[in-house]
Amino acid sequence: MNKLALSNDHFGISAISPMREMGAYEALWATQGMTWKRMADKFRADEAALPSDFVEPGDADDMARRVMAHLKNAGVHRFGVRIHHAGDYPQKLRDARNPVEMLYYQGSWELSEMRGLCIVGSRKASDDGKARAGRLARELVKRNFAVVSGLATGIDSAAHTAALEAGGTTIAVIGTPLGESYPKENTDLQHHIAEEHLLISQVPVIRYSEEPFRNKRNYFPERNATMSALTEGTIIVEAGDTSGTLTQARAAMQQGRKLFILESCFHNKDISWPAYYAERGAIRVRNPEDIWDALG
């Protein structure tokens, strides 16, 4: 793979130009003041619209060339996109509060069609927490579920790694563009998932490259909402009361997904969120059978 490849073979479509739609979507993100909500509102107002309906063709094509050059410089030599209303865009993403109109990916898109559960939790995870994440990942692999997580340190990394070691499937939904790794220590793991499994990003390439560093953290909460929408449910292994993991807990419940909380979380007297979500329908997991019983 020594040259960039973005062809209709990646999309299962021929009626639209994937390149132009990608460029148009990136051009929309380059608009001053654009946010996830404003973008979603734009497409909610015209539910049949494609990104190119809002951007002049020349501007879209120019932006597409910029994106291709940027990704090539970042070492991304093959990738695909999934566009709402075109090809294999997963309709389950429309359950998100602000559904994304386009996703970038590397790897085997077909893996997104597997049954899957998210395993998430604290970046600064305890050894016990990482061990629990690993056991859960292996349990999911035994049931032929994809292990989905966000490639962060701590619980995410433990879940991805255990799934790979068990010979299973793992999907990473990242909060950076393709070609960027955060944290850097997971670069090799990210490359392996992109080559052998499935790596997904909703982050606009050019907008991200031009933003101040402090603004880039804002992509992670929306990544969590997308990760939740892609799966049947989210399992929280451990998290503090201010953890970003709780963004995904809220998203899961809003989207009608299952939210599972490990029993160990309820025994931590320093946090209050487990009881809060249990009162609102989250499932308390004392053993793995609680998960499978809830999923039916």
Subject >> Min side-chain heavy-atom separation Met102-Glu21 under 4.5 Å >> reply: no

Subject >> N-O pairing of Glu289 and Arg143 below 4.0 Å >> reply: yes

Original post:
Salt bridge check: are Lys216 and Glu210 linked by an N-O gap of less than 4.0 Å?
Top reply: no

Original post:
Looking just at side-chain N and O atoms, do Gln255 and Ser228 make a donor-acceptor pair shorter than 3.5 Å?
Top reply: yes

Original post:
Are the ring centres of Phe145 and Trp292 closer than 6.0 Å?
Top reply: yes

Subject >> Inter-residue atom distance Glu180.CD - Ser209.OG, 0.5 Å rounding >> reply: 8.5 Å

Original post:
Below 4.0 angstrom, N of the basic side chain to O of the carboxylate: do Asp41 and Lys37 qualify?
Top reply: yes

Original post:
Between Phe43 and Phe54, does the ring centre distance come in under 6.0 Å?
Top reply: yes

**OP:** Ignoring hydrogens and angles, tell me if any N or O in the side chain of Thr245 forms a donor-acceptor pair with the backbone of Gly121 under 3.5 Å.
**Re:** yes

**OP:** For residues Met22 and Tyr104, determine if any side-chain heavy atom of one lies less than 4.5 Å from a side-chain heavy atom of the other.
**Re:** yes

Original post:
Side-chain contact, heavy-atom cut-off 4.5 Å: Arg132 with Ser264?
Top reply: yes

Original post:
Under 4.0 Å between a Lys/Arg side-chain N and an Asp/Glu carboxylate O for Asp95 and Lys92?
Top reply: no

**OP:** Write down the atom of Ile174, the atom of Arg223, and the distance for their closest heavy-atom approach.
**Re:** O-CG, 3.3 Å

Original post:
Rounded to the nearest 0.5 Å, how far apart are CE of Met114 and CG of Asn144?
Top reply: 4.5 Å

Original post:
If only atom types and distance count, is the side chain of Arg97 paired as donor or acceptor with the main-chain N or O of Ala251 below 3.5 Å?
Top reply: no

Subject >> Polar side-chain atom of Ser201 near backbone of Thr176 as donor-acceptor pair, under 3.5 Å >> reply: yes

Subject >> Donor-acceptor contact present, side-chain Asp61 to main-chain Gly58, <3.5 Å >> reply: no

Subject >> Point-to-point distance, once rounded to the nearest 0.5 Å, from NE2 of His197 to CD of Gln106 >> reply: 14.0 Å

Subject >> Trp29 side chain vs Met34 backbone, donor-acceptor pair below 3.5 Å >> reply: no

Subject >> Pair His267-Glu263, side-chain donor/acceptor within less than 3.5 Å >> reply: yes

Subject >> Remaining members of the apolar cluster that contains Phe220, side-chain heavy atoms under 4.5 Å >> reply: Tyr182

Original post:
Hey, is the main chain of Gly129 close enough, under 3.5 Å, to the side chain of Ser126 for a donor-acceptor pair?
Top reply: yes

**OP:** Could you tell me whether Arg94 and Glu101 make a salt bridge, using a distance below 4.0 angstrom between a side-chain N and a carboxylate O?
**Re:** yes

Original post:
Side-chain contact, heavy-atom cut-off 4.5 Å: Leu230 with Ile200?
Top reply: yes

Original post:
How far apart are the closest heavy atoms of Pro274 and Cys265, and which atoms are they?
Top reply: CG-O, 3.7 Å

Original post:
Are the side chain of Ser181 and the backbone of Pro183 linked by a donor-acceptor contact shorter than 3.5 Å?
Top reply: no

Original post:
Hey, are Glu232 and Arg257 close enough for a salt bridge, meaning a charged N less than 4.0 Å from a carboxylate O?
Top reply: no

Original post:
Would you say the ring centroid of Phe79 lies under 6.0 angstrom from that of Tyr105?
Top reply: no

Original post:
Side-chain contact, heavy-atom cut-off 4.5 Å: Leu262 with Ile236?
Top reply: no

Original post:
Any donor-acceptor pair under 3.5 Å linking the side chain of Arg115 with the backbone of Ala146?
Top reply: no

**OP:** State whether the number of non-hydrogen atoms from other residues, nucleotides or ligands found under 6.0 Å of Arg44 atom CZ is greater than 12.
**Re:** yes

Extract all donor-acceptor atom pairs below 3.5 Å that involve side chains of residues 152-164 and protein atoms in other chains or at least two apart in sequence.
{"unit_1": "Asp156", "atom_1": "OD1", "unit_2": "Ser149", "atom_2": "OG", "d": "3.1"}
{"unit_1": "Asp156", "atom_1": "OD2", "unit_2": "Gly150", "atom_2": "N", "d": "3.1"}
{"unit_1": "Asp156", "atom_1": "OD2", "unit_2": "Leu151", "atom_2": "N", "d": "3.4"}
{"unit_1": "Asp156", "atom_1": "OD2", "unit_2": "Ala152", "atom_2": "N", "d": "3.3"}
{"unit_1": "Ser157", "atom_1": "OG", "unit_2": "Ala152", "atom_2": "O", "d": "2.6"}
{"unit_1": "Ser157", "atom_1": "OG", "unit_2": "Asn186", "atom_2": "ND2", "d": "2.9"}
{"unit_1": "His160", "atom_1": "ND1", "unit_2": "Thr170", "atom_2": "OG1", "d": "2.7"}
{"unit_1": "His160", "atom_1": "NE2", "unit_2": "Leu151", "atom_2": "N", "d": "3.2"}
{"unit_1": "Thr161", "atom_1": "OG1", "unit_2": "Ser157", "atom_2": "O", "d": "2.8"}

Subject >> Minimum side-chain heavy-atom gap Gln202-Tyr219 below 4.5 Å >> reply: no

Original post:
Is there side-chain contact between Val120 and Ile235, with heavy atoms separated by less than 4.5 Å?
Top reply: no

Original post:
Does the side chain of Arg250 come within less than 4.5 Å of Tyr277's, by heavy atoms?
Top reply: yes

Original post:
What distance separates Gln190 CD from Lys184 NZ, expressed to the nearest 0.5 Å?
Top reply: 9.0 Å

**OP:** Would you name the heavy atoms of Tyr208 and Gly175 that are closest together and state the gap between them?
**Re:** CE1-O, 4.2 Å

Original post:
Between Glu26 and Ile206, is there a donor-acceptor pair closer than 3.5 Å when you use the side chain of the first and the backbone of the second?
Top reply: yes

Original post:
Do you see a donor-acceptor pair shorter than 3.5 Å between the side chains of Gln248 and Thr234?
Top reply: yes

Subject >> Check: His84 side chain, Leu93 main-chain N or O, donor-acceptor pair, under 3.5 Å >> reply: no

**OP:** For Arg207 and Asn215, test the side chains for any donor-to-acceptor distance below 3.5 angstrom and give the result as yes or no.
**Re:** no

Original post:
Atom CZ in Arg20, atom OG in Ser52: separation rounded to 0.5 Å?
Top reply: 7.5 Å

**OP:** Return the minimal non-hydrogen interatomic distance between Leu246 and Asp241, and the atom names on each side.
**Re:** CD1-O, 3.4 Å

